[in-house]
Amino acid sequence: MYARLHFMGIGGQGISSVAQMAQLAGNTVTGCDRQPSATTRMLEKAGIPVEIGHHVEHLQNADALVISPAVPALQPDNPELLGAQEANLPVFTWQELLGELTQEKCLFSVSGVHGKGTTTAMLSLMMVDGGLDPTCEIGAVVPRFGTNYRLGQSDYFVNEADEFNHNFWHYHPRVAVVTSIEFEHPEFFANYDVFLNAFEQFIRGMDRSDSWEIPTTLIVNTDSPGCLDLLKRLSDWKGRLITYSIEGMPSAAASGAVSALCEVAESYEAYNVKLDGETSFQVRTLSSKAFPEELTFQLGLPGTHNIQNALAALVTASVAGVPPQSIQQTLTSFSGIRRRFEIRQQGPLPIHREPRDLLLIDDYAHHPTAIAATLEAAHRRYPDRRVIAVYQPHMYSRTKTFFEQFVPAFDGADIAIITDIFPARERDTGLVSSRQVVEAIQAHRQQAQLPGEVVAGGDLRETTRILREILRDGDLVLLMGAGDIYTVTEALLHDGEL
């Protein structure tokens, strides 16, 4: 490990947590980012100096440069990257560094297209409450931790394992969770088969040493068709397989097919599920009496998808030896993580100097499946409220690839406002526009005879203006996206402008 590390783009959620872990491990850490943010301010309070902008001088006292994986492909002329290359300074991604930090640890990695952040947070808290004292790395701030990481003293390590750029190949977990699989990151993966192969290689790279009492264990959601595709590829895999599902889900009949594909050590099933006005469930094991069926688990977060997240965390915590009653208490008190159905306001809020009774919710959803699930959850938890969805499409390539899936994703919104596309690491080449998305949704609604309206929001300043004109008492506003849509929330909360 290098003594002095400089983190470029340190304001990102993942890289910021690893920077803090490195600092707490005794490294001298500095960082920089394009612009200040809540994360960079938090890092500075933690004693990590952060420069705004990129300059080769930032490397003067560094032994190595730590970057995000997209930098070499999308910013090859970045002055710090070029300066490090010219000086023969080691350059590696924060995922590679995290892989180093997790060596000689009993690693629990949570992967999957949907729900891995919430599941990782739930699992982390379950293991903390169960007295296991893990180190944790999560892709969003966990309110109980106050940050997106936790430094523990035990050999247990919990992390969120992202598939983009094959980042999760740097991790070799003893226990791996796969929450869901469907095609994602079209800017990196050529097709679904290549995407699925990434998950297969991740599982085949799991820790098979004799270092731990817990056997090498894979925990899979069989309600996800993509997870079933993965299991077909793992018929010769020799680790322990545990599955979980929700009673009555469309893929429930697949359990027999899973048993035919792989030897299943244990199956957990959520039953007696309630979604209207509250979110609760009970759990049974289908191949033994290992779990007390009389326990009811209450969730503060709504939706079937959050029951799946809770079930994944519950199963994994059970593998680690956390008692069921402790798991129950953790789930009851779990309030979510930042920007995952995060309630920012419930009650009167000044709009044009007049109070409106609003429920204002921030959410990270940016894939069509996640958008549809979040809208359904909102309606079922709050059936008497008008639901306004404000969505910022993320990247041109993603919007183009998932265009047809976006069209019906907003069926659950009484009003949908679609903002301009957030470019992230791309440039607008005319591939697709948010106006085209709006027109396609409008045409779909007319054909399906669905009520409500769809509005082109334009930039975020204009979106905020439009939203203020639309709002009325009792509305539930869902602001969704992975870009800077959260700034609209801040403008509403502080009755200001962008």
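Just so it is clear, the values below take in all heavy atoms, side chains as well, and ignore hydrogens, waters and symmetry mates.
Arg41 CZ: more than 12 foreign heavy atoms inside a 6.0 Å radius. Residue Gln35 places its CD atom among 12 or fewer non-hydrogen atoms of other residues, nucleotides or ligands, all under 6.0 Å distant.
Between Asp473 and Arg356 there is no salt bridge, since no side-chain nitrogen of the basic residue lies less than 4.0 Å from a carboxylate oxygen of the acidic one. Salt bridge annotation for Arg386-Asp414: absent, with no cationic side-chain nitrogen under 4.0 angstrom from a carboxylate oxygen. A salt bridge links Arg398 to Glu184: at least one charged side-chain nitrogen sits closer than 4.0 Å to a carboxylate oxygen. Under 4.0 Å is where a charged nitrogen must lie from a carboxylate oxygen, and between Arg465 and Glu462 at least one such pair does. Ion pairing between Arg344 and Glu490 holds under the 4.0 Å rule for side-chain N and carboxylate O.
Taking the centre of each ring, Tyr192 and Phe183 stay at or above the 6.0 Å mark. In this structure, Phe195 has its ring center under 6.0 Å from that of Phe199. Checked against the 6.0 Å centroid criterion, the rings of Phe164 and Phe189 do not qualify as a close aromatic pair. Taking the six-membered ring where the residue is Trp, the centroids of Phe108 and Phe157 are separated by 6.0 Å or more.
Side-chain N or O atoms of His379 include one that pairs as donor or acceptor with a backbone N or O of Gly412 at under 3.5 Å. Panel note: side chain Arg380, backbone Glu278; no donor-acceptor pair is recorded below 3.5 Å. No donor-acceptor pair closer than 3.5 Å links the side chain of Ser224 to the backbone N or O of Asn221.
Closest of all the heavy-atom pairs between Thr119 and Ala312 is CG2-CB, 3.8 Å. Scanning both residues, Ala121 and Ile337, for their nearest heavy atoms gives CB-CG2, 3.4 Å.
Using a 4.5 Å heavy-atom cutoff, the side chains of Ile361 and Leu476 are in contact. Between Leu43 and Thr39, some side-chain heavy-atom pair lies under the 4.5 Å cut-off. The side-chain heavy atoms of Thr279 and Val273, taken from C-beta on, include no pair separated by under 4.5 Å. Residues Met127 and Val158 meet the side-chain proximity criterion, which asks for heavy atoms closer than 4.5 Å. Ile327 places a side-chain heavy atom less than 4.5 Å from the side chain of Phe297. Looking at heavy atoms from C-beta onward, Phe188 lies out of side-chain contact with Glu163 at the 4.5 angstrom threshold. Under the 4.5 Å side-chain criterion, counting only non-hydrogen atoms from C-beta, Glu266 is in contact with Thr285.
Separating the OG atom in Ser109 from the CG atom in Asp207 is a distance of 10.5 Å, to the nearest 0.5 Å. In this structure, OG in Ser68 is found 10.5 Å from CZ in Phe7, a value given to the nearest 0.5 Å. The CD1 atom of Ile246 sits 5.5 Å away from the CG atom of Asp223 when rounded to the nearest 0.5 Å. Atoms CZ and CD, from Arg284 and Glu247 in turn, are 4.5 Å apart once rounded to the nearest 0.5 Å. A distance of 10.5 Å separates CD in Gln405 from CD1 in Ile371, rounded to the nearest 0.5 Å.
Counting only N and O atoms by type, the side chains of Asp420 and Gln392 include no donor and acceptor under 3.5 Å apart. With no hydrogens or angles considered, no side-chain donor-acceptor pair links Ser326 and Asp129 at under 3.5 Å. Using modelled atom types, one finds no donor on one side chain facing an acceptor on the other under 3.5 Å when comparing Arg340 with Thr118. Side-chain atoms of Gln95 and His166 form no donor-acceptor pair, as typed in the model, at a separation below 3.5 Å. Between the side chains of Asn165 and His185, no donor N or O sits under 3.5 Å from an acceptor N or O. Looking only at atom types and distance, the side chain of Thr179 has no donor-acceptor partner in the side chain of Gln308 under 3.5 Å away. Remark: the Gln282 side chain and the Asn272 side chain contain an N/O donor-acceptor pair separated by less than 3.5 Å. Thr296 and Ser280 share no side-chain donor-acceptor pair at under 3.5 Å.
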Practice prompt. Go through the steps for Arg150 and Arg144 under the test side chain to side chain contact (heavy atoms under 4.5 Å, CB included), then give the verdict.
Written response: CA-CA 10 Å; Arg150 177 188 190 271; Arg144 264 184 60 184; over 6 Å; no
Worksheet entry | Evaluation steps, side chain to side chain contact (heavy atoms under 4.5 Å, CB included), between Ile418 and Val455 | CA-CA 6 Å; Ile418 312 298; Val455 180; over 6 Å; no
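Relative ring orientation between Phe168 and Phe202 is described as parallel, the plane-to-plane angle staying below 30° on a 0-90° scale split at 30° and 60°. Classified by interplanar angle (parallel below 30°, tilted 30° to 60°, perpendicular above 60°), the ring pair Phe402/Phe406 is perpendicular. Ring orientation note: the planes of His367 and His114 are nearly perpendicular, at an angle over 60° on the 30°/60° scale.
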